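Notes follow once the structure below has been shown.
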Amino acid sequence: MLAVAGLGCKRSSDDAVPPAVGPAPAVEVRYVLASVAVVRAAPDPGAEAVARWPIGTRVVVAGRQDRFIRVDQDGVRGFLFEGLLSETEPKLAALIASYDKAPEGAFEERRTWAERAAALAPDDEGAVRRLVDVLDRLGDRKALLRARRGLETILAAKAAEAAASTQTASTSIARFQGPGRACLASSPRREVQVRFDHNSPVISGSVDEESQGCSEPEGCSYWLQVVGEVTGTTCTGARLVVLQTEEGGCLCKCDEADAIVPTTLRFLDLGDAWVPVMHREEAPRWALQALGKIVVTEEHVTVAGLSLDAPDEIDLGDRKRLRRAWDGLRFENKPGGSVVKAAGGHQLYADGARFMLPRPDGTVVSYERLIPEREEGISTEDIDFDVAKTSTQARVATRYVFHDGVASLPKLVPVGRVRETKDELYTYALAEDAQWDERYANYAAATEQYRQVYGKEREQLSKRSFIDRIPLLLWADPFGEYHVFIREDLVVPEMAEPLVYLYAPQPTRVRIDVGENVELIAADPPYEAGWSVRTRADGQLDDLSSGRVISSVFWEGRSSLLPEPRTGFVVAADEVRGKLEEVLPKLGLAAREVTDFVEYWAPRLQAAPYYRLSFLDPRLVDRMAPLLLSPAPDVSVRVHMDAKPLARREKIAAPSFAPVPERRGLVLVEWSGFRRAQPSVPYYARNSPAMCLPRR
């Protein structure tokens, strides 16, 4: 029985007919498909942002207006562009499949899917690696920096996990049984005799190139050769093997200043385990997995008569000197070319520009030509110019720095000799004006820009006067190869690549323009007669032209012809990172900005043994590359680095630092830099030992 309140009667349920109830209205659901979707207060791309929802966010459709959908999610209401929503929940496999289906050259389309996949699964190596690859191909350096940082975090976590796994495996088999144990127990000194034999083939292979740390992989490669057999002990029959892999696991194409460092390791193959020879290094885990091997890291042996020592330099006489370049497998029974005997009893094989010193175990030490003049340049004070063929201005004290090698020689004219060596110096024949057109055009443009930046004149040479100063010299080294040197005071600096950050206590719309004297080469977001952004409390920016959320504004342009700085720091290449981390906070950069600066510039300042690091006066930066903001910033921090590669340490006065300004109101922060002319530095000095595949 059902009692009905308010009525003085009772009614049986059998007597009542319930009212008809229709089905509940269907709730229309969508899912955010964009990496991050900006919810607007109105159906307008320029309307105020009320929320930002990550990919995969479930939203309820509340209505439509034009191409916008009115959405509701947990009480937050606003408008989203319909193209940012999907009827189905995005899945990682589907996003990656869309990336893979995109045409090979459709980089923007691939970028869209890669960004979505990485946003949905930021810890997935495959997704982040695809994003790194497409950003690298697009040349988006700022976004690439962020993506690579994410990839490095993933790889570091995997490396830590792999190291823990490998350590456990090594410990578990440290007391292995079998012929290997008898071999090690028989030799207290762990020294074995080996009969070397280099006739066995070199075995090569590669594995899983998608997960080994390459932004542009060629394959994670290894090479293995059996180079000898143990004799005279209970280890008889054990084999000496040489394994070469690429450090980090991959053979990658190289970016500028990058290199691939081969790791050459030796092991005694005891059948049930490998034991390191002469060291306790461990081969890359991926290579051992590919070979089905496991290494006993607690043990090691030495091979009698096998020395891995090799001189860093070798003198061939007649001013011909060699410098050690890299170690590796020989890949053949004997190096090709002719035999060269050098001082100290060294016997090398020469094959063109390559020189190799063989070792008993079948590996070689490769040497390259050592040309001090390429590293140090040639000072005009060390040149006896032919007075009849050169002007007085050509003999003004300056320096010529190495520019490039020469594959073929045009018509040359002699202009002098190196005083100490009597080597002839040449320049291009003056009649061949076509040789000078581009060089003079670059010089003239830089000189005009100097005038605009500094507000004062700089001597503007005519084309004929420019040539009369002999901006280029050609010189043949002791091996007969020609090199081009360029006059340092006429060198145009390389590109400057600034990042611009904006901070404000409340959302502020800001217009940014560059000065008329700035020559823009690239920009992100695109420079459309300026940038329009809105600041956020978290330091990010809304790009009002595209609706994207960005961390900073990137632009690239040609810098002015700057005078040589008088203050700075001279540091070795491996000290660059530490010095930048020390100095940049003193110039006013915050932790986030220091990290971005160091991660971008430190890898690009590794090609020379030393660097002079200087930082321009912010007032000069304002004249050189003015940024015009509306509204004007309350605080401006502009850090511009002037870096110069050096062949050796030089003395320079230390700079003084102004007090770091207190950040208040609207704050503009910008960092940038450029590299001056670079001396030629032998490959060994950049990465030792190393070899690199050039980018195709």
Side-chain angles (χ1 to χ4, degrees), residues 29-40 45-59 61 67-69 71 73-74 76 78-102 106-154 215 499 501 524-526 531 533-554 592 596:
V29 173
R30 294 289 187 271
Y31 296 89
V32 172
L33 183 60
S35 303
V36 176
V38 180
V39 185
R40 304 288 180 181
E48 180 183 0
V50 297
R52 287 171 175 78
W53 293 337
I55 186 171
T57 301
R58 182 180 184 272
V59 302
V61 176
R67 293 186 299 164
F68 286 83
I69 293 180
V71 294
Q73 196 263 344
D74 292 339
V76 178
F79 290 86
L80 278 175
F81 181 64
E82 62 181 353
L84 303 181
L85 297 172
S86 169
E87 294 184 356
T88 58
E89 184 176 3
K91 301 293 184 181
L92 179 62
L95 296 174
I96 289 179
S98 296
Y99 172 95
D100 293 338
K101 289 178 182 177
F107 297 132
E108 288 294 348
E109 180 182 352
R110 286 194 162 195
R111 174 178 182 162
T112 297
W113 295 113
E115 286 179 336
R116 292 173 177 178
L120 184 65
D123 295 329
D124 184 85
E125 185 178 346
V128 178
R129 194 175 295 285
R130 284 173 170 82
L131 179 58
V132 167
D133 178 69
V134 72
L135 292 175
D136 188 29
R137 293 173 183 271
L138 285 169
D140 188 337
R141 300 181 182 178
K142 186 178 67 171
L144 180 61
L145 179 68
R146 295 193 299 268
R148 280 182 171 167
R149 194 176 301 151
L151 181 59
E152 289 168 2
T153 301
I154 295 172
S215 61
L499 282 187
Y501 309 81
D524 180 28
W531 295 284
V533 298
R534 181 185 289 111
T535 65
R536 294 178 55 197
D538 61 0
Q540 301 289 89
L541 301 172
D542 290 321
D543 173 31
L544 299 181
S545 63
S546 66
R548 288 194 298 140
V549 178
I550 59 178
S551 62
S552 55
V553 173
F554 168 84
R592 165 200 177 194
D596 288 349

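None of these values were measured; they are calculated from a predicted model.
- Contact of the Arg116 side chain with the Thr112 side chain is registered, since non-hydrogen atoms from C-beta on lie closer than 4.5 Å.
- Separation of atoms CZ (Arg111) and OG (Ser35) is listed at 9.5 Å; rounding is to 0.5 Å.
- Minimum heavy-atom separation, Ala119 to Pro122: O-CD, 3.7 Å.
- A salt bridge links Arg548 with Asp524: at least one charged nitrogen is closer than 4.0 Å to a carboxylate oxygen.
- Val549 places a side-chain heavy atom less than 4.5 Å from the side chain of Asp542.
- Between Gly547 and Val38, the shortest heavy-atom contact is O-CG2, 3.6 Å.
- The two atoms that bring Ile55 and Ala34 nearest to each other are CB-O, 3.1 Å, heavy atoms only.
- Between Gln540 and Arg52, the closest side-chain pair of non-hydrogen atoms is not below 4.5 Å.
- The distance from the CZ atom of Arg130 to the CD atom of Glu125 is 10.5 Å, given to the nearest 0.5 Å.
- Atom NZ of Lys91 is separated from atom CG of Leu120 by 8.5 Å, given to the nearest 0.5 angstrom.
- The distance from the CZ atom of Phe554 to the CH2 atom of Trp531 is 10.0 Å, given to the nearest 0.5 Å.
- Shown here for Ala121 and Ala127, the closest heavy-atom pair between the two residues is O-CB, 4.3 Å.
- A salt bridge is absent between Glu48 and Arg40: the closest approach of a Lys/Arg side-chain nitrogen to an acidic carboxylate oxygen does not fall below 4.0 angstrom.
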Chi angles and distances behind the side chain to side chain contact (heavy atoms under 4.5 Å, CB included) call for Ser551, Arg592: CA-CA 10 Å; Ser551 62; Arg592 165 200 177 194; 3.3 Å; yes
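- Rounding to the nearest 0.5 angstrom, the gap separating the CG atom in Leu80 from the CG atom in Leu85 is 5.0 Å.
- Side-chain atoms of Val71 and Arg30, non-hydrogen and from C-beta on, never get closer than 4.5 Å to each other.
- Salt bridge annotation for Asp133-Arg110: absent, with no cationic side-chain nitrogen under 4.0 angstrom from a carboxylate oxygen.
- Inter-residue side-chain proximity for Val59 and Val39 is flagged as unmet; no heavy-atom pair is nearer than 4.5 Å.
- Minimum interatomic distance between Ala51 and Val76 (heavy atoms only, all atoms of both residues): CB-CG1, 3.9 Å.
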Chi angles and distances behind the side chain to side chain contact (heavy atoms under 4.5 Å, CB included) call for Thr535, Leu541: CA-CA 5 Å; Thr535 65; Leu541 301 172; 4.0 Å; yes
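- Rounded to the nearest 0.5 angstrom, Leu84 CG and Phe68 CZ are separated by 8.5 Å.
- Annotation for Leu131 and Ala114: closest pair CA-CB, 3.7 Å, computed over non-hydrogen atoms.
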